[in-house]
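Nothing fancy with the numbering, it's 1 onward along the sequence. Source: prediction; values computed, not measured. We use all heavy atoms of the structure for the numbers below, so side chains are in, but hydrogens, waters and symmetry mates are not.
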Amino acid sequence: MGLLSRKATCNSHGQDSSYFLGWEEYEKNPYDVIKNPHGIIQMGLAENQLCFDLLESWLAQNPDAASLRRDGQSIFRELALFQDYHGLSSFKNALADFMSENRGNRVSFDSNNLVLTAGATSANETLMFCLADPGDAFLLPTPYYPGFDRDLKWRTGVEIVPIQCTSDNGFRITKLALEEAYEQAKKRNLNVKGVLITNPSNPLGTTTTQTELNILFDFISKNKNMHLVSDEIYSGTVFSSSEFISVMEVLKNNKLENTDVFNRVHIVYSLSKDLGLPGFRVGAIYSNDKDVISAATKMSSFGLVSSQTQYLLSALLSDKKFSKNYLRENQKRLKSRQRKLVSGLEAMGIGCLKSNAGLFCWVDMRHLLSSKTFEAEMDLWKKIVYDVKLNISPGSSCHCEEPGWFRVCFANMSEETLKLALKRLKMFTDDGILKKSFQISETQRLKNSRKKTMTTVSNWVFRLSFHDREADER
């Protein structure tokens, strides 16, 4: 019998994924413009740092909120004492209004149907505990956020069955792919409890279309014991709000309020992406099912949002002039930054999936692979991390079935750092193309024993050339 529990010693957390390994390498050698100019640039972290100036300006103009005061009087003691786990009503009301605002006020949200959690990670896991038993399954379209292997599975025992989407149609969900995933689950004797999507998508940076939503709603309508969970934590990052359709809009537009489907559709939300506040750990579950709300509220005891955080953010989100300007400016800056990344990649012959949301691009590097395999994808990823010194996320970590795609983040750095990252990558692709041509020529000309020797020499020459040039990149 072991000293620790099976849960503590199992390897199902997903920490060994290349998604997390890239973070570890970055932390060993983080780029800093002054202290470590040749370090690894973090492009694997979906943080939104483009509008901190707006937040800091608001804080400077509203000192009472930041210093825990109301009408000039300290409320420190009030906030320091135990608070009910239902959360502050002022914050829940402000959050519900903000959720409606960043959906163009096309739908409204009832704060009584909100459960506060310590971030979207906690919200997703709590929903799994509420909706499924260990061994049950949820269907997820690929590619999907690598952290879901941890958030949805690790402690809950829930299985993930992929809905295999492909580049042929821009990785869109199809009825055939959904049905095939369902059949695959049944072959594994799994009890499917529903479908979970991210809308907008992480890692694709695309919004779910009306056609896809219709497919999903038809599916759960026909399967009476299934739920639809929509993770909408990127809803405020959509470059054009008219292109985003929340599942709550579908319920309203299709007049499903008085049907059984109404209680089987749930939303996960947070302020980590839209407001760029992942360190504040503010997430939420929204559901029309009172039993789900009741159970999730009880479970939220294990991951509450501090009263101080709720007080500060209730004041910020209640400032309608600020929130309206913030959403507009945030979308404007994200669109501009995304275009800089896309155009920079296009200039070196690298394409991206067309996107309209998110803090990242889904980048197509299939032409840079030595072969159409995931082994070649990992080889390319290692070169980019260790030689180019950019941490990006390989598609295989997102369960993409096609090797050669990568998620590249653009909103967690300055514009100057993004330019440097693109410069490094261009140096790599220029040298890589020359190297590939050289190797093809040698393959055609030399015998097997000689080819092995020349490949070694070629690799050494390439690394030496790249690092010599990198020394002059600034």
Quiz item: Does CG in N258 sit with more than 12 non-hydrogen atoms of other residues, nucleotides or ligands closer than 6.0 Å?
Solution: no
Exercise. Might you point out which heavy atoms bring S318 and S314 nearest each other, and give the distance in Å?
Key: OG-O, 2.5 Å
Practice problem: Would you check if F138 and I160 make a side-chain contact, meaning some heavy-atom pair closer than 4.5 Å? | Solution: no
Quiz item: If you measure from CD1 on I245 to CZ on R103, what distance do you get to the nearest 0.5 Å?
Solution: 12.5 Å
Quiz item: Centroid-to-centroid, F360 to Y234, below 6.0 Å?
Solution: yes
Quiz item: Are F98 and L271 close enough, and set up right, to give a side chain to side chain contact (heavy atoms under 4.5 Å, CB included), and what steps lead you there?
Solution: CA-CA 10 Å; F98 183 71; L271 297 179; 4.0 Å; yes
Quiz item: Quick check: are there more than 12 heavy atoms from other residues, nucleotides or ligands sitting under 6.0 Å from CZ of F302?
Solution: no
Quiz prompt | Candidates T117, D231, D151 - the one meeting side chain to side chain donor-acceptor pair (under 3.5 Å) with N124 | solution = D231
Practice problem: Tell me, with the steps shown, if N330 and N48 meet side chain to side chain donor-acceptor pair (under 3.5 Å). | Solution: CA-CA 9 Å; N330 183 50; N48 185 0; 3.0 Å; yes
Quiz item: Is E25 salt-bridged to K28, cutoff N-O under 4.0 Å?
Solution: yes
Quiz item: In terms of side-chain heavy atoms, does S300 have a donor or acceptor partner in T297 at a distance below 3.5 Å?
Solution: no
Quiz prompt | For R407 against P203, the heavy-atom pair lying closest together | solution = CD-CB, 3.5 Å
Self-check item: Spacing of I40 atom CD1 and N29 atom CG [to the nearest 0.5 Å]
Solution: 5.0 Å
Quiz item: Which class fits the ring pair F148 and Y145: parallel under 30°, tilted 30 to 60°, perpendicular over 60°?
Solution: perpendicular
Exercise. Report the C-alpha distance between K320 and D97 in whole Å, list the side-chain angles of each, state the deciding distance to 0.1 Å, and finish with yes or no for salt bridge (charged side-chain N to carboxylate O under 4.0 Å, His left out).
Key: CA-CA 9 Å; K320 300 304 181 184; D97 288 345; 3.7 Å; yes
Quiz item: Applying the side-chain contact (heavy atoms from CB on, under 4.5 Å) test to V342, which of K340, R339, E346 qualifies?
Solution: E346
Quiz prompt | Straight-line distance of W362 CH2 to S201 OG, nearest 0.5 Å | solution = 8.5 Å
Exercise. Working to the nearest 0.5 Å, report the span between CD1 of I293 and NZ of K298.
Key: 12.5 Å
Exercise. Specify the closest pair of heavy atoms between V158 and K153, including all atoms of both residues, with the distance to one decimal.
Key: O-CG, 3.0 Å
Quiz item: When rounded to the nearest 0.5 angstrom, what is the spacing between CG in L420 and NZ in K389?
Solution: 11.5 Å
Practice problem: Report the residues that fulfil salt bridge (charged side-chain N to carboxylate O under 4.0 Å, His left out) with E401, sequence neighbours left out, ordered by chain and then residue number. | Solution: none
Self-check item: side chain to side chain contact (heavy atoms under 4.5 Å, CB included) evaluation trace for L204 with L353
Solution: CA-CA 7 Å; L204 299 178; L353 182 72; 3.8 Å; yes
Quiz item: What residues, two or more places apart in sequence or in another chain, satisfy side-chain contact (heavy atoms from CB on, under 4.5 Å) together with S100?
Solution: N105, F109
Quiz item: SG/C409 to CD/E47 distance, rounded to the nearest 0.5 angstrom?
Solution: 9.0 Å
Self-check item: Intermediate values then yes/no, side chain to side chain donor-acceptor pair (under 3.5 Å), N113 and K290
Solution: CA-CA 8 Å; N113 291 352; K290 300 302 180 184; 2.7 Å; yes
Practice problem: Check whether any side-chain heavy atom of L341 lies under 4.5 Å from a side-chain heavy atom of V408, and answer yes or no. | Solution: yes
Self-check item: Closest contact, heavy atoms only, R424 versus L390
Solution: CD-CD2, 4.2 Å
Exercise. Applying side-chain contact (heavy atoms from CB on, under 4.5 Å), name anything that partners L251, two or more places apart in sequence or on another chain.
Key: F217, M248, L256, V261, F262, V265, N288
Exercise. Indicate the atoms forming the closest heavy-atom contact of E232 with V247, along with that distance.
Key: OE2-N, 3.2 Å
Exercise. Go through M413 and Q42 one step at a time and tell me if the side chain to side chain contact (heavy atoms under 4.5 Å, CB included) criterion holds.
Key: CA-CA 8 Å; M413 66 193 74; Q42 176 63 289; over 6 Å; no
Quiz item: Any ion pair linking D379 and K383 (charged N to carboxylate O, less than 4.0 Å)?
Solution: no
Quiz item: Can you find a pair of side-chain heavy atoms, one from Y311 and one from F91, that are under 4.5 Å apart?
Solution: no
Quiz item: Taking C-beta and beyond as the side chain, do L50 and E329 meet within less than 4.5 Å on heavy atoms?
Solution: no
Self-check item: Side chains of T198 and Y144 in contact at under 4.5 Å (non-hydrogen atoms)
Solution: no
Self-check item: side chain to side chain donor-acceptor pair (under 3.5 Å) evaluation trace for R106 with N253
Solution: CA-CA 10 Å; R106 295 183 296 274; N253 296 338; over 6 Å; no
Practice problem: Identify, with sequence neighbours excluded, every residue that meets ring pair (Phe, Tyr, Trp, His ring centres under 6.0 Å) alongside F410. | Solution: none
Quiz item: Under the 3.5 angstrom rule, does the side chain of S287 hit a backbone N or O of D289 as a donor-acceptor pair?
Solution: yes
Quiz prompt | Validation row, ring centre W58 to ring centre Y326 under 6.0 Å | solution = no
Quiz item: Short question: side chain of E377, backbone of S396 - any donor-acceptor pair under 3.5 Å?
Solution: yes
Quiz item: Going by heavy atoms in the side chains, are I350 and M365 under 4.5 Å from each other?
Solution: yes
Quiz item: Quick check: does any side chain N or O of S167 sit under 3.5 Å from a backbone N or O of G170, one acting as donor and the other as acceptor?
Solution: no
Quiz item: Do the charged groups of D364 and R366 touch, with an N to O distance under 4.0 Å?
Solution: yes
Exercise. Return the orientation label for the H227 and H266 ring planes: parallel under 30°, perpendicular over 60°, tilted otherwise.
Key: tilted
Self-check item: Residue pair L55, L316: steps toward the side chain to side chain contact (heavy atoms under 4.5 Å, CB included) verdict
Solution: CA-CA 9 Å; L55 295 168; L316 185 144; 3.9 Å; yes
Exercise. Keeping to residues at least two apart or across chains, list the salt bridge (charged side-chain N to carboxylate O under 4.0 Å, His left out) pairs with something in residues 109-128.
Key: E125-R155
Quiz item: Under the side-chain hydrogen bond (donor to acceptor under 3.5 Å, both in side chains) rule, what pairs show up with a residue in residues 205-217, not counting sequence neighbours?
Solution: R172-E212, N199-T208, T207-N356, T209-E212, Q210-N214
Exercise. Just do the side chain to side chain donor-acceptor pair (under 3.5 Å) check on T237 and Q331 with the steps written out, would you?
Key: CA-CA 6 Å; T237 70; Q331 292 165 358; over 6 Å; no
Quiz item: With a 4.5 Å limit on heavy-atom distance, are the side chains of V161 and L140 in contact?
Solution: no
Quiz item: Is there side-chain contact between M427 and M348, with at least one heavy-atom pair below 4.5 Å?
Solution: no
Practice problem: Return the minimal non-hydrogen interatomic distance between G344 and L422, and the atom names on each side. | Solution: CA-CD1, 4.0 Å
